[in-house]
Amino acid sequence: MSASSLFIGLMSGTSLDGVDGVLAHIDAGDIRTLGAAYLPFSDGLRADLMALQQPGENEIHREALAANALALRYAQCVGDLLVSTGRTAADIRAIGAHGQTIRHRPELGYTRQTGNPALLAELAGIDVVADFRSRDIAGGGQGAPLVPAFHQAVFSDPGECRVVANIGGISNISVLDPKGPVTGFDTGPGNLLMDGWIARHLGNAYDAAGAWAASGQEIPALLQRLCEEPYLGLPPPKSTGRDLFHLEWLDARLAGLSAARPEDVQATLAAFTALTLARDIAHHAASAKRVFVCGGGACNTHLMQRLQQRLHECGQTATVQSTDALGVSPNHVEGLAFAWLAYRQVNRLPGNLASVTGAAGARVLGALYPA
Ligand SMILES: Nc1ncnc2c1ncn2[C@@H]1O[C@H](COP(=O)(O)OP(=O)(O)OP(=O)(O)O)[C@@H](O)[C@H]1O
Ligand SMILES: CC(=O)N[C@H]1[C@@H]2OC[C@@H](O2)[C@@H](O)[C@@H]1O[C@H](C)C(=O)O
């Protein structure tokens, strides 16, 4: 196996839980996971990154310090991957490091993923590719979602229309229809409102298997208010994040419903994630027979059941499975995608799909920080 075919992908997404790392063998015809690692953020780093999601005092300085701390965490994840796979830094062609999104404003022409890739290159002794989204935005695109191109490369089938649904902090879908160009967009919240709500009421980081949501009853009036969010009715291309969806957004819609039991609100948030996904799948992928879920939401049994139920209510007969059914663990998909995007960058191949992001054309994504 050639050393130049080994790539590491590092993803820390909108859930702000930690970093997912994947070490993979990638060349033109072969994309294979060789190892994976997950490192949670310390409470301090998580709090610092969370605070940077909103404008605040002295944020340039705070961002620089958080970027350094994140680079250290990324480097630890790389170290864990090398040890667990028996590789050394010299074996790895490049790292694709997503960084942490702290602002995403494509309508204003910018997005920011913090993380100090220069420090990561220094610490890891491996070429680092970072800042994957800016070039797509410079080309008039949304800069997100980027994973549909990767989903096409690994999950598409010439004989079947498939949907890949990533349920992370935010949810996004890829429609892989052999009869047309790949499409995809962010559908709205994934887990981030449920995470925030259970943290506020029970102090848990997330609702394990959706058990708390399953103990509650959906509140139709609240669900309707949540569904009135204008973003949901916008046509693609579109992308979103914590800039729009956060607990204050939820609080504004809870006004006048203060008697609602917390578990009923959680049930409604799960219903909201499932319903928005189901509506978009039914509308944009009517002929899909299977929906493959990745991201942490695949571990939420209650949410997966609600998604299946809502799809049927929307007249969609597709069955819901995790990407395990296609041979890739749902927890590895995004890390593997950023390893693949690094492979594309060092080979000067485009990483975006204009049909998804709305960019003027195909672009080589990311900036290279040599080891
Ligand atoms: N066992 C579980 N039960 C329920 N939910 C889970 C479980 N494990 C993980 N999750 C959910 O998945 C989330 C993490 O998912 P993931 O790592 O895919 O998000 P992310 O990559 O940060 O987000 P994004 O894709 O939006 O960038 C957790 O915050 C939690 O809500
Ligand atoms: C700006 C940003 O970080 N967007 C993320 C986020 O998390 C999920 C969804 O919103 C998606 O658009 C994107 O991440 C994945 C990896 C993507 O670009 O495809």
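Both counts, for ligands and for their atoms, begin at 1 and track the order of listing. Nothing fancy with the numbering, it's 1 onward along the sequence. The shown structure was predicted, so the numbers you read here are calculated from the model rather than taken from an experiment.
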Identify, by atom number and element, the atoms of ligand 1 in contact range of Gly295, meaning under 4.0 Å from any of its heavy atoms. 18 (O)
Below 4.0 angstrom from a heavy atom of Asp20, which ligand 1 atoms are there? Numbered from 1 as shown, please. 17 (O)
On a heavy-atom basis, I'd like to know which of Thr357, Thr101, Val333, Ile167 is closest to atom 2 (C) of ligand 2. Thr101
Quick one: does Met11 get a heavy atom under 4.0 Å from ligand 2? yes
Shortest protein contact, atom 16 (C) of ligand 2 (heavy atom only): Glu334 OE2, 3.3 Å
May I ask you to list the atoms of ligand 1 that are less than 4.0 angstrom from any heavy atom of Ala209? 2 (C), 3 (N), 4 (C)
Answer side chain, backbone, both or neither: which part of Ser239 comes under 4.0 Å from ligand 2, heavy atoms only. neither
Please determine if Arg253 and Glu228 form a salt bridge, counting it only when a charged side-chain N lies under 4.0 Å from a carboxylate O. no
Using a strict 4.0 Å threshold on nitrogen-to-oxygen distance, state whether Asp186 and Lys238 make a salt bridge. no
Among protein heavy atoms, which sits nearest to atom 26 (O) of ligand 1, and what does the distance come to when rounded to 0.1 Å? Thr14 OG1, 2.4 Å
Does an N or O from Gly143, backbone or side chain, lie closer than 3.5 Å to an N or O of ligand 2? no
If we count only N and O atoms by modelled type, under 3.5 Å, do the side chains of Arg133 and His98 hold a donor and an acceptor together? yes
Could you tell me whether Arg105 and Asp243 make a salt bridge, using a distance below 4.0 angstrom between a side-chain N and a carboxylate O? no
With heavy-atom distances below 4.0 Å as the criterion, list the atoms of ligand 1 near Gly168. 18 (O), 19 (O), 23 (O), 24 (P), 25 (O), 26 (O)
How far apart are the C-alpha atoms of Thr114 and Glu63, what are their side-chain angles, what is the distance that settles it, and do they pass the side-chain hydrogen bond (donor to acceptor under 3.5 Å, both in side chains) test? CA-CA 7 Å; Thr114 192; Glu63 190 231 327; 2.5 Å; yes
Can you report which non-hydrogen protein atom sits closest to atom 7 (C) of ligand 1, along with the distance? Tyr206 CE1, 3.4 Å
Measure up the Trp249 and Phe272 rings against each other and bin them: parallel (under 30°), tilted (30 to 60°), perpendicular (over 60°). parallel
Asp136 and Leu365: which non-hydrogen atoms are nearest, and at how many Å? N-CD2, 4.0 Å
For atom 13 (C) of ligand 2, which protein heavy atom lies nearest, and how many Å away is it? Arg133 NH2, 3.4 Å
Starting from atom 12 (O) of ligand 2, find the nearest protein heavy-atom neighbour and note its residue, name and distance. Asp186 OD1, 2.7 Å
Those atoms of ligand 1 less than 4.0 Å from some heavy atom in Met11: 27 (O)
Can you report which non-hydrogen protein atom sits closest to atom 8 (C) of ligand 2, along with the distance? Asn172 OD1, 3.4 Å
By number and element, which atoms of ligand 1 are closer than 4.0 Å to a non-hydrogen atom of Asp195? 28 (C), 29 (O), 30 (C), 31 (O)
Do we see a donor-acceptor contact under 3.5 Å between the side chains of Asp17 and Tyr38? yes
Taking atom CD of Glu107 as the centre, report whether more than 12 heavy atoms of other residues, nucleotides or ligands fall under 6.0 Å from it. yes
Per-atom contacts of ligand 1 with Glu334, taking only distances under 4.0 Å to non-hydrogen atoms: 21 (O), 25 (O), 27 (O)
Show me which atoms of ligand 1 lie under 4.0 Å from any heavy atom of Asp17. 14 (C), 17 (O), 22 (O)
Minimal non-hydrogen separation, Leu277 against Ala165, with atom names: CD2-CB, 4.2 Å
Hey, mind stepping through Arg112 and Glu59 against salt bridge (Lys or Arg N to Asp or Glu O under 4.0 Å) and telling me if it holds? CA-CA 13 Å; Arg112 275 291 176 280; Glu59 58 188 5; over 6 Å; no
Which heavy atom of the protein is the closest neighbour of atom 17 (C) of ligand 2, given with residue, atom name and distance? Leu146 N, 3.2 Å
Using heavy-atom distances, let me know which of Gly210, Cys299, Ser15 sits nearest atom 8 (N) of ligand 1. Cys299
Closest to atom 15 (O) of ligand 1 (judged by heavy-atom distance), picking from Gly296, Gly241, Ser12: Gly296
Closest non-hydrogen atom pair between Cys77 and Val19, with its separation: CB-CG1, 4.1 Å
Please state which protein non-hydrogen atom is closest to atom 4 (C) of ligand 1 and give its distance, to 0.1 Å? Asp207 O, 3.1 Å
So, for Ala282 and Cys314, which heavy atoms are closest and what is the spacing to 0.1 Å? CB-CB, 3.8 Å
Does Asn166 approach ligand 1 within less than 4.0 angstrom via side chain, backbone, both or neither, non-hydrogen atoms only? side chain
Nearest non-hydrogen partners of Val320 and Gln308, listed with the distance: N-OE1, 2.8 Å
Where is the nearest protein heavy atom to atom 7 (O) of ligand 2: which residue, which atom, and how far? Thr14 OG1, 3.9 Å
Val147 neighbourhood, listing ligand 2 atoms whose heavy-atom distance to it stays under 4.0 Å: 16 (C), 17 (C), 19 (O)
Ligand 2 atoms in contact with Ala144 (distance to a heavy atom under 4.0 Å): 12 (O)
Which is it for Arg32 and Asp30 under the salt bridge (Lys or Arg N to Asp or Glu O under 4.0 Å) test, yes or no, and what are the steps along the way? CA-CA 6 Å; Arg32 233 171 331 124; Asp30 184 32; 2.6 Å; yes
Pick one of side chain, backbone, both or neither for how Phe338 approaches ligand 2, counting any non-hydrogen atom pair under 4.0 Å. side chain
heavy-atom search around atom 23 (O) of ligand 1 in the protein gives Gly169 N, 2.9 Å
Can a salt bridge be assigned to the pair Arg200 and Asp251 using a cut-off of 4.0 Å between side-chain N and carboxylate O? yes
